Every structure is written in C-alpha cells, then in structure tokens.
Amino acid sequence: MNNPLDSLNPQQQQAVTAGPGPVLVLAGPGSGKTRVLTQRITYLINSLGVRPYNILAVTFTNKAAREMEVRISGMTGEQTQWLTLGTFHSICARILRREAGDLPFNSNFVIFDQDDQISLVKLALKELNLDDKRFRPMGVHEAISNAKNELILPDAFTIQSYRDETVQRVYKRYQELLLANNALDFDDLLLWTAFLLEEKSAAREKYAHRYEHILVDEFQDTNFAQYTLLKHISSFHRNIFVVGDTDQSIYGWRGADYRNVLRFEKDYPDSQTVLLEQNYRSTQSILDVATAIIDRNPYRTPKRLFTERGEGRKAIVSESYDDHTEAAFVVESIVKSVSAKLAQPGDFAVMYRTNAQSRVLEEAFLAVNMPYKLVGAQRFYGRREIKDIIAFLRLVHNPDDEISLTRIINIPPRGIGDKTFYSLRAAAGRLGCSSGAVLLQLAKKGEVPELESLSPRSKSSLGQISRLLADWYSSKSRLSPLGLMDRILNDVDYHFYIDDGTDEGHERWENVMELRRLAAEYPEDGLVDFLEQVALVSDQDTLESNSNVPTLLTLHAAKGLEFPVVFIVGLNEGLLPHSRSFDDPEAMMEERRLMYVGITRAMDRLYLVFSQNRRAYGFTEPVNPSRFLADIPYHLLEEINPTNPNRYSRSQLENHPERWHVSNTSSVKMEEVQQHFHPGMRVLHPSWGEGMVLNSRVQDRDEIVDIFFENLGMKKVVASLANLEIKT
DNA sequence: ATGGACAATGTTTTT
DNA sequence: CATTGTCCAT
C-alpha cells in the first residue's frame, strides 16, 4: 500500500509528522498548507491512533472546514463527525451553548450581527443621553470591539480622555443590553469562551483534557482573545499545531495580530518550526511580482518563494481611462480568452479593494450577457427582506431579542409606531422583563394591566402581533425552520408586503425564496443551527465551485483561494492602498499584504489594472496609479494596449523603467535608517531581558538586529518595533 | 401612524 | 452618489 506521505515534500512531511508538542508552520502562499493540515489530522488518526473526538481544528471559513472533513473521512474511514472542526466563532458558539449553565445567558442565545450591534450601541447611547453625532455609534462600537478582542472588560477599560470615559459607560451598558436580550455579539463568542476557560477551572480542564491535538489555520489572523483561548485549551496536552504566514495578515483592523506568531514562539520556546517555501500554485514570474511587493515591508523574515512550474508569462499591466473602461477591459479580455479557447470562464477572478467597485464590473458583465458570481454573503444577508425574515425567526426562537422585535413589530405596517412601542417597552420595564415576554403574556391572558392606558387602536394592534408571536412560539418545537418560516410568511402575507409589483419588489421576493431554499436544508430541530449558520456565514461559504463562470470578489474574500487567471482592478492611490491607510504605516503595510494576497492567488496569469480617472463622491477625478505598481521591476511586466486608445490621450509617459515613478505620490516617505546597534553592544529587550548584539544590518528601511539572550539563544529583532534599550 | 420629500452626511476590508 | 435620517403633510 502506498504511503500518502510520499506525495509530500520533505518539509510538508516534517510538518505532518512533527511533534509531540507545539509546532509552528510558516507556510508561504500556495505551499500546500491545507493539504498539510488535512494529512496531519489523517496521520494523527491513522498512525497515532488519536480518536477524532480528541482533535480540534480551527479553519478560517466553514466551507474550508466542510471540505477538510470530507477529505479526512475519505482517508481515514473514521467517524469524522466526532472531530471538532470549524471557525473560531462557530466552535465557540457550540461550546457556549453547552456551557451556558455556568454563564449569564441561556443556551438559546442569538448572535447579533454588525447591524444589530450598531443598533444596540445607539440604544445604549440614547439611554445614557449621549449625542450620537459626537459619539458616532460606529466609532464607539469599534472601540468596544477592540477592547473585547483584547479581553478588556468594561471595568478594566483604559481611560485617558473624556471620550474613553464615555466609551466605557456605553460599553458597560451595551454589555448589559446584550445579556438582557439573551444575545451575544461576534466578539462575545470569543470573549465569553476565553472567560469560561479562564475562570471556570472545571470547564477548562474538561476541554484541555479532551483536546489532545489542536490545529489552527491562518494563525496570523488570530486576535488576542483567540490566542488566549487556544492557550487555555492547549494547556494540558500542549499539542498545538499552528499554520500561518505573517505576510498574509490582512485582518489587523479586526483585532487580528500577526505578532501572535512571534508570541507563539515566545510562549512555547520548545516549539518546532517548519518552513514551507515551495509554491505549487503560481508561475515564477507571478511569484517574482509578489515578492517585489512584499519585500518592501520592513517587519518580516524574508522568505524565498520558489516554484517548479517555470517562468510563465509576464504579468500584464493595463491602464484605462476610468472604472468603466477598466471593467470593459476586464470583460473583453475574458471574452477573448474564452473564445480563443485559452481558458474557461470559471478560470477567471476579478478582485478589488472595496465592495462598491463590484457594481461597475457587474454592469460590464451584464452588458455582454456573461454570467458571473459575486462572492459576498453579506450582500445577501444584509438585504432588508432577508433581515426581516431572520428577525421573525430569531424572535420566535428568543422572544427577548429586542432588536429583532423592533425590526418586525410593525412589519407589515399594523399601526404600531414609536409611541405604542415605547409604551410596550415601558410596560416591560415595569414588569422587569422583555417586550417580547410582555407580548407573550398579553396573548396568553388577553390583557396586561400595564398596557391598559393605551388607546383601543394601539391595544388591538399589539394584540394582533402578540397572538401571532405566541402562536409561532408555541408551535416552533413542532416545526422545522422551513415550516416555521412558511407559517410566518403566510401569516403576515409577506409576499404581498414585499412584492409591490416593481422589478425590485419581485427581486426581493426572489431573495426570500432563496432563503427558503437555505432553510429547507435544516431538520426538524434545526432552528438554532440555521440561525447560527446565518449569523456566522462568511463570504466564502457561499462560494460554489461548480458553475464555471468568472468570480468577482474583494481581496479580503480571496484569501485562501486560487484561480488560473486573476485581475486586480482599481490599482490606484486611494483605493489600493486605500486612502484610510495613508497616514498609518501599519495600515499601509497591511494594504501591501492585501496586494500580495491578491497576486499570489494567481496560478498562470495576472492582470494589474488601473485607471486615470475615478469617480468619488459623484465626481470623476484624475487619480494616480498605485504606489505598489512602482515597486514592481519593469522587466516583470508587460503593458498591453488599452481597450480603446481613442477614448483618451495616451499617457505622456514613455516606455522607460522609471515610468511608474513619475506620477507616483509619496505620502509615506520613509526616511533613511541609521544603524544604531553594533556587535558587542549590550541591550535590554522589554520582555526578553538583557542580551548581546551579535550582528546588525539595515534592511528594508529598518534595522534588523541579531541578539543573543542568555535563556533564549539568538533572536532576530526589528529595531523600530522592539523598543530596545542600549546598556552602557 | 405613515409615507414622501428633502437634507445632511459619510464612505474599507468582515466573523 | 447613495444611503440614512429628519421633517412635514396627510
């Protein structure tokens, strides 16, 4: 029988069979890390006899988890349903439902999405009489979210300004409101799980003992809460296997911290490190472009990406007049390649920095009648009609969900306005329960004394919705998610309400039908799962691979995917890099990594597309090409004629190596770096203590210092980040 | 309570 | 510009 390990290269084999103990796999793009993870789990089960029940694997998307499960079950023939496999958020949700007895919410909590979270912040602001102009809900929420990702509870919130003090008050109230709603937000899933494992030793021991082996994908995109969580769960067996690539860290704005990779090495000094540098995806010229981009980031250990796939074709750079010509160029290129039988429609992906950019592209595809798929669950689940239906379901599942009640209490319009709803909430306040509970009580008893002061009209309206709610509530255990949904749609005549005869109305109803199809996949008792799935879907989860049409997606959504031909469009200053990152070097580095991620998705061909003009705020303005283009050596690029040369005057720049530099703005000008450290110097590192400088060199606009520490041995340190002190 | 008209206001990425 | 909020008339 042939050994599955034979198909792996030596480094991959080393990773798969590494251990016991902590293992860090630094995996460049396309280096087969998914295969390594899958093989590793298979190896644990088949060769080491580990039971699937004792394995925990964290993937970045639910889709990746499902795919992995299929492959593992094929290779092991084991009962893979016993594996714990999923995203951080879904795994935490599962744990919290199981352990809710130890926690201040009950197990049928709902998960609040972004919109719900903002609504709740608004509510908290209102309750505290704060001006939402001065304290923008989004901004306040971001601060709260950041704190949660750092496991900072309201009481520990650092106060350095009046604003901080206010945020702290809102944060406190926000958390109270969540609990009152029996709801958790995304961050809570991590926060409460970390709390559970930290504070409840019985729970910690249970999970730490159970999970003999822990595997984590995309480790560079974990945040502190996730890191802490892992630390607790792995505290007993210490068999923690993490795979990541700091160069592909693109979720810093969400609290992800690629320094967790460094933290890992520090917290697990006995960890084994495996480097995967061979790329199986791209041609060498694509890798060269990628390397040219990422090499400009100072804070990184240089990696040598190589491939045996050969040189391949040069990357194509194309300049267009504006975003419309840009889109036309993309579509035309695809049409040409397809009709020349050089590629299939499904081979193409078009990537962009912001979702808004997809519209122009969609129009261009529509114009030539070419079907496409757009990655983005957000777009579907964010639609009004979908949110309505989900709100109904969520409310039936958990009547304390005030946000959902607020959404649907007057849908379709049944004469309940602000005033009536306010009275209902006031009654709930006096009774010490939620508005939903009051409604259920009203339906049950026919009257609630606290509501007697209302006008007969309002009372009858409330009575109507309360009877509906009570009816659904009492039948929910007998109905499948689909059955319940149909019941609701029918009872409120949602079709009549949403489909007003216009094209848009029709489309909205179609979306409801689509949601119906999704609900149909859940069994009798699947409401929790359905709602959880809906709350935690990632954009990629909805991506189907069987349609053979071009894919449109953001660069973020492209993570982990690959395509034969990749277009990156909108390569202009302000868009990529995005203008919001101009004055923040960290953010700028992340933009660069984003570009790197995009490039390295390409297997055979890469198109880099930018334009001369772009509309912003409704006006078309001239824009500069992205500074990142200037970083690519000209010999790696091939320029092709723009779609329609007559539409604009050709760029005044001629074909010489410096041409991109000419119009390039330089808003972040990095200074020349002076060498401060020399061999023999003694230095003090904030966490590693005292050490001696062995070597130092200026590289990539930063100084890299090799230091020898007594207990740790030789470490490479980046001077600008390490905060080294020179001992005299 | 509701719907429409107008004004302001704000713009990344997503579990 | 495109969405969201606010004001006003019904």
Side-chain angles (χ1 to χ4, degrees), chain A residues 58-64 86-93 111-119 122 132-133 136-139 141-142 145 148-149 184-191 218 221-223 225-226 249-256 351-360 375-379 381-382 384 409-422 455 457-458 461 500 532-542 553-559 570 574-582 584 587 590-591 593-595 597-598 614-621:
Chain A
V58 187
T59 57
F60 202 69
T61 64
N62 294 301
K63 180 167 168 264
T87 63
F88 270 107
H89 293 269
S90 61
I91 290 169
C92 288
I111 298 167
F112 273 8
D113 67 19
Q114 178 80 25
D115 288 352
D116 304 326
Q117 293 170 39
I118 297 298
S119 304
K122 279 187 192 156
D132 63 0
K133 292 272 180 326
R136 293 226 182 70
M138 291 268 237
H141 177 261
E142 194 188 346
S145 176
K148 287 182 162 190
N149 286 326
L184 303 189
D185 67 14
F186 293 133
D187 304 319
D188 277 337
L189 295 172
L190 310 172
L191 179 76
E218 306 284 5
D221 279 321
T222 53
N223 60 36
Q226 291 163 333
S249 160
I250 54 175
Y251 284 97
W253 49 274
R254 208 165 84 182
M351 301 177 187
Y352 37 82
R353 176 67 235 263
T354 68
N355 281 306
Q357 291 171 262
S358 73
R359 269 206 24 194
V360 177
V375 180
Q378 203 77 312
R379 300 182 88 85
Y381 289 99
R384 191 181 88 209
I409 192 163
N410 203 31
I411 282 183
R414 53 172 68 85
I416 302 175
D418 283 348
K419 253 185 136 156
T420 310
F421 189 42
Y422 179 81
S455 70
R457 223 182 105 90
S458 302
S461 299
D500 54 6
E532 189 166 302
Q533 162 72 208
V534 164
L536 299 180
V537 268
S538 73
D539 280 351
Q540 274 190 26
D541 291 336
T542 52
L553 73 178
T554 63
L555 288 160
H556 282 91
K559 177 156 114 153
L575 216 42
L576 184 65
H578 196 272
S579 49
R580 303 261 311 208
S581 62
F582 282 168
D584 179 354
E590 188 153 306
E591 296 292 304
R593 294 195 292 266
L594 199 50
M595 170 102 181
V597 167
R614 207 158 277 283
R615 58 188 319 124
Y617 306 106
F619 285 95
T620 303
E621 278 188 332

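Small disclaimer: the values here were computed from a predicted structure and weren't measured. Each chain gets a letter, A, B and so on, in the order the sequences are listed, and its residues count up from 1.
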Could you tell me whether [X] and [Y] make a salt bridge, using a distance below 4.0 angstrom between a side-chain N and a carboxylate O?
X	Y	result
A:Asp188	A:Lys148	yes
A:Lys559	A:Glu218	yes
A:Asp221	A:Arg254	no

Within the structure, does a side-chain N or O atom of [X] lie under 4.0 Å from either OP1 or OP2 of [N]?
X	N	answer
A:Arg414	B:dT2	no
A:Asn355	B:dT13	yes
A:Asn410	B:dT2	yes
A:Thr420	B:dA1	yes
A:Arg615	C:dC1	yes
A:Lys559	B:dT15	no

**Per-pair stack call A:Trp253 and B:dT13, 5.5 Å, 30°** =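 So yes, this residue stacks on that base, both cut-offs being met.
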Any idea which of [options] is nearest the [X] side chain?
X	options	answer
A:Gln114	B:dT15, B:dG10, B:dT2	B:dT15
A:Lys122	C:dG5, C:dA2, B:dG10	C:dG5
A:Asp539	B:dT15, B:dT12, B:dG3	B:dT15
A:Arg457	B:dA1, C:dA2, B:dT13	B:dA1
A:Thr87	B:dT12, B:dG10, B:dT15	B:dT15

**Message:** How about CZ on A:Arg414, more than 12 heavy atoms from neighbouring residues, nucleotides or ligands closer than 6.0 Å, or not?
**Reply:**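 It does: A:Arg414 CZ has more than 12 such atoms within range.
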**Prompt:** Any side-chain heavy atom of A:Asp185 within less than 4.5 Å of one from A:Ile111?
**Reply:**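 Not in contact.
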**Message:** Say we look at C:dG5 and B:dT12: how far apart would their P atoms be, to the nearest angstrom?
**Reply:** 16 Å
Rounded to whole angstroms, how far apart are [atom1] on [X] and [atom2] on [N]?
X	N	atom1	atom2	result
A:Asp221	B:dT13	CG	P	17 Å
A:Leu594	B:dT14	CG	P	10 Å
A:Asn223	B:dT15	CG	C1'	10 Å
A:Leu576	B:dT12	CG	P	15 Å
A:Phe186	B:dT14	CZ	P	12 Å
A:Phe88	B:dT14	CZ	C1'	16 Å
A:Tyr251	B:dT12	OH	P	16 Å
A:Tyr422	B:dA1	OH	P	14 Å

**Nearest-nucleotide comparison on DNA chain B, the residue closer to the 5′ end among A:Gly417 and A:Ala356** = A:Gly417
**Complete:** Of A:Lys133 and A:Thr554, the one whose closest nucleotide on DNA chain B sits nearer the 5' end is A:Lys133
**Request:** For A:Ile416, answer base if it contacts any base atom (sugar-phosphate contacts may also be present), sugar-phosphate if it contacts only those atoms, and nothing otherwise; contact means non-hydrogen atoms under 4.0 Å.
**Result:** sugar-phosphate
**Request:** Return yes if the base of B:dT12 and the side-chain atoms of A:His578 contain a donor-acceptor N/O pair under 3.5 Å, otherwise no.
**Result:** no
**Item:** Aromatic plane relationship, A:His556 with A:Trp253 - under 30° parallel, 30 to 60° tilted, over 60° perpendicular
**Value:** perpendicular
